[in-house]
Structures are given as C-alpha cells and as structure tokens.
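Input: a single structure, listed below in structure tokens.
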Amino acid sequence: MGKRARRGGSREKEGQEEGAPRLRVLTAVAVAALASGVLGLLALARGGPRPAQGDGSAVSRSLRLEELQPGPVRRVSCHAKSYRPIVPGCTPAPNDCGFRIVDGLISQEEVDALRKIAQRGMALGGGAGGPTILDLHSGALSLEDKFIDVWMAFNLSRRKAYTQSELLVYHEVTQRLAAEVEATFGVSGVMLTSPTFFSRISADRPPRIPNDEYWHSHIDKQQYGSFVYTVLLYLSDQGVDFEGGSLCFDSPKTKRAVSRVAPHPGRAVLFTSGEEHPHHVEQVTSGSRLALTVAFTCNPDTAIHNFLGRALPDEGSSNSDTNG
Ligand SMILES: O=C(O)CCC(=O)C(=O)O
Ligand SMILES: [Fe+2]
C-alpha cells in the first residue's frame with residue numbers, strides 16, 4: 001500500500017463535467033433494466049423532507065449527535081430478520097452486527113485514481129438533481145432524470161472506454177475492503193454484490209425526482225436486497241470540497257439521527273446492512289461530495305461474478321479478467 005490518504009488536500013473540484021459534451025438521446029430498454037437496481041439509490045423519498053430535529057437549528061442538532069471517530073468495531077444486536085438466508089461463518093451472528101470507521105485503508109494515490117475513474121464516466125452524464133450515480137458493473141449512469149448505460153455512452157461519444165488495467169485499482173480496493181469486512185466482523189467468504197457505485201452529490205442542483213432526495217433515512221438491506229455488509233468509502237473532504245453531507249446513523253425506532261461520520265478522503269465506514277442500521281446523508285449545502293458504495297453478500301446467487309468485465313481488454317493482452 002502506498003502513502004495513506006491525506007486529509008484536506010482538495011484537488012480539482014467535483015462536478016466539472018458541465019463543459020463536457022453530454023449525450024442527450026440515449027435510451028434503451030436494457031438500460032432501464034440495468035438501472036432498476038440502482039433506482040432506489042441513496043434514500044428513497046418517503047413522504048417528503050425529513051423533519052428537523054429538536055428546534056431544527058444546526059447547533060441543536062450538532063449538540064445531540066455523537067461524532068463518530070475511527071476505532072474498533074462497535075457491536076450492536078442484529079435485526080434477526082435482516083440476515084436470511086443465514087450462511088454460517090459469513091452472515092453476522094445475532095449479537096455481532098455493528099459498525100466501524102477506518103482511516104488510511106487506501107492510499108492518496110488510490111483515492112486520486114478512483115476520483116479520476118468516477119469523473120471520467122460522470123462526464124458523459126450527470127443527474128439533473130443533486131446526485132449523480134455511476135455503477136460500472138451494471139453500467140448505470142445518471143443522465144438528467146434517468147439512467148443511461150455508461151459503456152454505450154462511451155461508444156456513442158467515440159471516447160475510449162475504461163480498460164481493465166485502468167480499473168484494476170477499483171478491483172483491488174474492493175478486495176481490500178472485503179478483507180477488512182471479514183477481519184472486522186470475524187467472518188469469511190464475503191462476496192461483492194450489486195449495486196456498487198460512485199455517488200456524487202452536488203449542492204447547487206435542487207432535487208428533481210424523488211430519488212434525488214438522498215437525505216431520508218433508509219436501510220440498505222431493504223433498499224438493495226442482497227447487502228449484508230455495506231462499506232462507504234469517501235473520496236472527497238468535508239470542509240474542503242463540500243459542506244454538510246455527513247453520514248448519519250439513525251435510531252431504528254424514531255429514524256432520527258443519533259450519530260454522524262464526517263467524510264474525509266480514504267475514510268471507510270463498514271457496517272452491517274440490516275435494520276439495526278438505518279442511516280441517511282445530511283444535505284450537502286455547498287460544493288460536491290464524492291463517495292463509493294461497495295457491498296458484500298454471503299449468498300453466491302447474489303454475488304457479482306464478473307466485476308468490471310465490460311472493460312476493454314488491454315492492448316496486447318488476451319484477457320486479464322477482474323472477476324469479483
Ligand atoms: O454516501 C454515503 O455516506 C451514504 C450512501 C448510502 O447510504 C448508500 O449508498 O446506500
Ligand atoms: Fe445506504
């Protein structure tokens with residue numbers, strides 16, 4: 001592993017795709033199908049904006065929320081129904097759910113490489129509201145208020161698509177995250193699952209569709225089905241690249257925020273994906289926030305078997321696969 005990811009080193013700002021050509025006409029049934037797993041991204045709007053806590057002021061909110069820091073895993077009881085089918089040794093034991101924040105799992109070079117990968121794909125699209133999603137496994141990329149297929153977008157724009165070696169860092173990072181999940185929760189056999197995606201939230205775009213309202217509480221297991229362990233890897237810096245945008249864990253009973261995590265480059269948040277962990281992203285009030293959501297399952301039927309398999313082979317190589 002190279003140098004640990006530094007804090008506060010803002011590079012070029014996110015959201016610079018404005019000048020890049022956008023593909024305006026690109027729809028396909030296949031795209032809608034592949035996007036369907038991603039349509040529920042972030043939080044689904046459930047009954048309008050989230051009510052403010054207490055008197056609603058930022059100060060009163062910040063006094064009540066615990067600021068979570070890197071450290072050992074914090075265990076909580078699992079929500080039993082969230083973890084079916086039970087795969088012994090892989091799904092969490094009833095009292096072994098929890099979350100953990102880890103800094104420095106990936107190097108600054110890896111953060112930069114992942115940011116470039118995200119920016120290159122997102123330059124072909126861009127959500128009309130705040131969030132832009134890019135899932136390189138399914139190909140789903142936000143464009144205005146729908147999804148297109150990023151691989152098709154590369155073809156139509158006559159730009160060279162990602163090569164397998166270009167995406168190697170992404171593959172290596174997901175493998176490292178899998179190992180960290182296993183070490184953290186004392187399990188083995190976790191497998192990458194879908195969706196796994198970059199998300200960029202731009203403060204200057206008001207929500208246009210319900211899925212743009214990322215600040216509502218949700219549970220990943222309900223939202224995405226196959227998730228057993230979620231990892232959020234942050235690729236931009238709160239206070240430098242953007243303001244607001246903390247990850248908040250909510251009370252399973254009231255769904256109100258009880259604690260929060262400040263996103264910083266290279267910071268990873270690992271947590272069990274069941275009903276013990278409702279969460280949401282605080283509204284981003286300025287700038288642009290970039291993160292990567294990666295998730296793991298214990299069920300081979302929902303595992304990704306050919307992660308990044310749509311990337312171009314490298315010149316001169318027959319086929320260097322990046323199987324998940
Ligand atoms: O980016 C974050 O901090 C949270 C994203 C999230 O909750 C999700 O992708 O399900
Ligand atoms: Fe989530």
Side-chain angles (χ1 to χ4, degrees), residues 14 35 37-46 50 65 67-68 70 79 82 97 99-103 111 114-115 118 122 127 129-138 140 142 147 174 177 181 192-203 210-239 241-250 252 255 257 259-285 287-297:
E14 301 299 338
V38 189
L39 280 170
L41 277 181
L42 304 169
L44 277 173
R46 289 202 180 93
R50 195 182 159 69
L65 299 192
E67 304 282 346
L68 299 172
H79 190 279
S82 296
C97 282
F99 68 87
R100 182 176 168 218
I101 302 171
V102 191
D103 281 344
V111 170
L114 290 171
R115 286 171 59 94
M122 287 180 177
T132 296
I133 299 301
L134 173 64
D135 178 340
L136 290 183
H137 175 66
S138 69
S142 312
F147 287 94
T174 60
L177 295 177
V181 163
L192 194 63
T193 191
S194 197
T196 174
F197 55 90
F198 294 96
S199 64
R200 185 184 66 208
I201 302 176
S202 305
N211 281 332
D212 288 339
E213 296 188 8
Y214 55 85
W215 52 87
H216 299 286
S217 185
H218 68 279
I219 292 160
D220 286 351
K221 181 76 193 160
Q222 290 174 357
Q223 194 93 348
Y224 308 116
S226 59
F227 285 28
V228 175
Y229 299 99
T230 303
V231 181
L232 302 169
L233 180 64
Y234 294 112
L235 302 174
S236 59
D237 210 357
Q238 187 183 59
D241 299 310
F242 65 92
E243 300 292 340
S246 289
L247 168 72
C248 295
F249 285 108
D250 306 320
K255 299 289 190 285
S259 58
R260 69 174 158 211
V261 184
H264 296 298
R267 170 166 286 185
V269 185
L270 290 55
F271 59 96
T272 48
S273 314
E275 291 182 42
E276 67 282 354
H277 280 137
H279 59 279
H280 69 276
V281 179
E282 266 178 357
Q283 278 186 266
V284 177
T285 53
S288 179
R289 173 194 197 267
L290 188 66
L292 178 62
T293 297
V294 179
F296 300 96
T297 183

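Both ligands and their constituent atoms are indexed starting at 1 by order of listing. Reckoned from all heavy atoms, side chains included, excluding hydrogens, waters and symmetry mates.
- With a 4.0 Å heavy-atom cut-off, ligand 1 is reached by no atom of H280.
- Among the backbone and side-chain atoms of H279, an N, O or S atom lies under 2.8 Å from the Fe ion (ligand 2).
- Close contacts of ligand 1 with L247, meaning ligand atoms under 4.0 Å from a residue heavy atom, involve 3 (O), 4 (C).
- Residue D220 approaches the Fe ion (ligand 2) most closely through its N/O/S atom OD1.
- Between F242 and I201, every side-chain heavy-atom pair lies at or beyond the 4.5 Å cut-off.
- At a 4.0 Å heavy-atom cut-off, ligand 1 touches D220 through the side chain alone.
- A side-chain N or O of S226 and one of T193 form a donor-acceptor pair less than 3.5 Å apart.
- D241 contributes atom CG, which lies 12.5 Å from atom CZ of R200 (distance to the nearest 0.5 angstrom).
- With distances taken over non-hydrogen atoms, the option nearest atom 8 (C) of ligand 1 out of Y214, Y224, F271, F198 is Y224.
- Ligand 1 places these atoms under 4.0 Å from at least one heavy atom of F197: 9 (O).
- For the Fe ion (ligand 2), the nearest N, O or S atom contributed by H218 is named NE2.
- Residue contacts with ligand 1 include H218, since one of its heavy atoms falls under 4.0 Å from the ligand.
- Listed by number with element, the atoms of ligand 1 under 4.0 angstrom from any heavy atom of T293 are 8 (C), 9 (O).
- Contacts of A203 classified as side-chain contact (heavy atoms from CB on, under 4.5 Å), with partners at least two apart in sequence or in another chain: V284.
- Listed by number with element, the atoms of ligand 1 under 4.0 angstrom from any heavy atom of L232 are 2 (C), 3 (O), 4 (C), 5 (C).
- Geometrically, ligand 1 and S199 share no nitrogen or oxygen pair separated by less than 3.5 Å.
- Of the options H279, H277, K255, a side-chain hydrogen bond (donor to acceptor under 3.5 Å, both in side chains) to H218 is made by H279 and by none of the others.
- Neither side chain, S82 nor E276, offers a donor N or O lying under 3.5 Å from an acceptor on the other.
- Rounded to the nearest 0.5 Å, atoms CD (Q223) and OG (S273) are 11.5 Å apart.
- When each atom of ligand 1 is checked for a heavy atom of R289 under 4.0 Å away, the hits are 1 (O), 2 (C), 3 (O).
- In terms of the side-chain hydrogen bond (donor to acceptor under 3.5 Å, both in side chains) criterion, S194 has no residue partners (sequence neighbours excluded).
- Side-chain contact between Y214 and Q283 is present, with at least one heavy-atom pair separated by less than 4.5 Å.
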